[in-house]
Amino acid sequence: MPAVEDPRILVAALTRDDAAVFRTSDDRAIVATVDFFTPIVDDPYTFGAIAAANALSDLYAMGATPLFALNLVAWPRDPELLELLGPTVKGGVDKVREAGAFVLGGHSIDDNEPKFGMVAVGDAAPQRIATNSGARPGDHLVLTKPIGTGILSTGLKRELISEDDMASAIASMTTLNAGAMRAMHDVDDAVHAVTDVTGFGLLGHLSIMLEASGVAARVFADAVPVFERTRELIARQAVPGGTERNREAVEPRVRWTGNITEESRTLLCDAQTSGGLLIAVDRERTSDLLRSLETNRTPAAAVVGEIIEGGEPTIEVTHAKA
Ligand code: CO
Ligand code: CO
């Protein structure tokens, strides 16, 4: 991507933030993002809802309020598969309505494998935009959903588990990060950096935040909330290719201390769909943030690490807080 410069461009691809931010007046900015992927659960309505929650998540990660969305559909002409398209779109539309926004259009093409997602557009006051670049030494790292959705959906694809076995992960993936954003706004200027945990996994997205902020971090592996059955599935080799690639990519930047198990290392790199927000918060306000996350009933509210002074490697993974 070529670098672009214009005073109205507040956030662009360069910082690998979650969404683009374009100022339209002194007090308003448009926030836009796009996301689509192949089905990760069998039920089409649920898949549509997850895809929408996932697309909207990048708006919430920037502190923006969703306004509207456009569907992206790539679908086979096979009549049996076409029957699943209606419920998929309905799942997405209902989720966007829950967010207080509207689906206003979209585009569809023929494809061999079904794919569904959305362009999501929101707005925010420019001074309220949360980016991944402001984390400071001393900040706590707070995570708002458990991890392990990539491993669970791979286990489902390989028929090692049923959709019922991953009910809590499905409930989490269909939960909007709206509540997490409200909690973040409750403590406002105590939040220094935010991203959502998706395809690059917890350590991958953390590493992007650290690079953008010029700092390092310590992660407490035992404090990271994890969905049930994931460790068992890793032992049975149900690990998505994306998770393995994430681990290879992040490994040079990580120091594992205290015999962190293979399962934990893989889990911390697991590619997430519709994951939670990872928030770097002033530790003086951590308890306020946790309380507000609980009030907003986020799927998790856990201190999973802390920001430290920059240095190599940038991420130290230990068992628990010293
Ligand atoms: Co994101
Ligand atoms: Co996105």
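Note that this is a predicted model, so its numbers are computed, not measured. Atoms within each ligand, like the ligands themselves, are counted from 1 in listed order. Residue numbers count from 1 along this sequence.
- E248 has no carboxylate O lying under 4.0 Å from a charged side-chain N of R245, or vice versa, which leaves the two without a salt bridge.
- Summarising the local packing, CZ of R23 is surrounded by more than 12 heavy atoms from other residues, nucleotides or ligands at distances under 6.0 Å.
- Classification of D188 and R128 as a salt-bridged pair holds, one side-chain N sitting under 4.0 Å from a carboxylate O.
- Closest N/O/S atom of D58 to the Co ion (ligand 1): OD1.
- Atom CD of E98 sits in a crowded spot, with more than 12 heavy atoms from other residues, nucleotides or ligands closer than 6.0 Å.
- Looking only at its N/O/S atoms, D18 has OD1 as the one nearest to the Co ion (ligand 1).
- For D196, the N, O or S atom with the smallest separation from the Co ion (ligand 1) is OD1.
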